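Structure, as structure tokens:
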Amino acid sequence: MSFSKPNRSAATITTTRVDPAPISGICVTCLDGCEGPCEIGRSALKGREMIYPQPFGKITAGAEKDYPVDFSHFNIQGTCVGAVGVKADPDVAVFPAVDCSSRAGRDGSLQLDFPVVSGALGSTDIARINWEDVAAGAAICGILVVVGENVCGMDPQAEFKNGRLVHSPEMERRVKAFKRWYQGKGGLIVQANVEDTMLGVPEFVIQKLGVEIFELKWGQGAKDIGGEVKLPTLERALQLKERGYIVLPDP
Ligand code: SF4
């Protein structure tokens, strides 16, 4: 039994004509003349572009893989006898008294109001456009929020000196948005991948922007693919090529 749904996904705006064979995802009767709304049909026309979730730059995408276990399979069974973690007193054991605070970091000095870390919001349009809201929410709630990879390298206004970053309005905006609402709990994490490290992003955010929590990545990321973006103009392609990124096709 397959938990995956090959050859069709809401993320790529594809579907099959009739029920598919589970392993291949191809329609049980693949029809001569079908215009091909599935991933195979679309990729025959558009090639590798089909792997981009659509519409590009407007959405965040999740997988449709149907895992056989999820949180709905667990129940939290309460008890009417006694209490654990709080005084057994109905006037004390009230809902607002629930303490979800936590600590993180090697020495536990990083205080959190709630033990949550956001996904990394990197250089994509969807992350850039929504950053201020996410950062403000994280700061107010006392959780960790992450600036993802390539924010400085993809910043059209970024300035470099001898190949090292000296100015990035986009990264400065992101740090400022978090600090504006920061109330002493939670924190801002900045990631650096290979290209960020090469451009000097760690030194820039730590020394110039006062970032205190940092994630150094040894590869591009935890994804099988990743760091892929579409560039709208030849000028942007040339700019990123000059900054050391792999740009395909070679502009
Ligand atoms: S081409 Fe049409 S019939 Fe064939 S697998 Fe794709 S959707 Fe189904």
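Atoms within each ligand, like the ligands themselves, are counted from 1 in listed order. Bear in mind that the values here come from a model prediction, so they are computed numbers and not experimental data.
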- prompt: Do you know which two heavy atoms are closest between G187 and I213, and how far apart they sit?
  reply: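 So the two residues come closest at CA-CD1, 4.0 Å.
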
task: Would you please test T16 and N7 for side chain to side chain contact (heavy atoms under 4.5 Å, CB included) and show each step?
output: CA-CA 8 Å; T16 48; N7 199 27; 4.1 Å; yes

task: Using a cut-off of 2.8 Å, find all protein N, O or S atoms closer to atom 4 (Fe) of ligand 1 than that distance.
output: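 You should have found C30 SG.
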
- request: Please tell me if the side chains of L110 and E212 come closer than 4.5 Å, counting only heavy atoms from C-beta onward.
  value: no

- request: Could you verify whether a donor N or O on one side chain and an acceptor N or O on the other, from R173 and S168, lie under 3.5 Å apart?
  value: no

message: Please tell me whether H167 and E172 have a donor and an acceptor in their side chains that are separated by less than 3.5 angstrom.
response: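 Distance-only check passes for H167 and E172.
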
task: Provide the number and element of each atom of ligand 1 under 4.0 Å from a heavy atom of P37.
output: 7 (S)

message: Can you classify the ring geometry of F56 versus Y52 as parallel (below 30°), tilted (30 to 60°) or perpendicular (above 60°)?
response: perpendicular

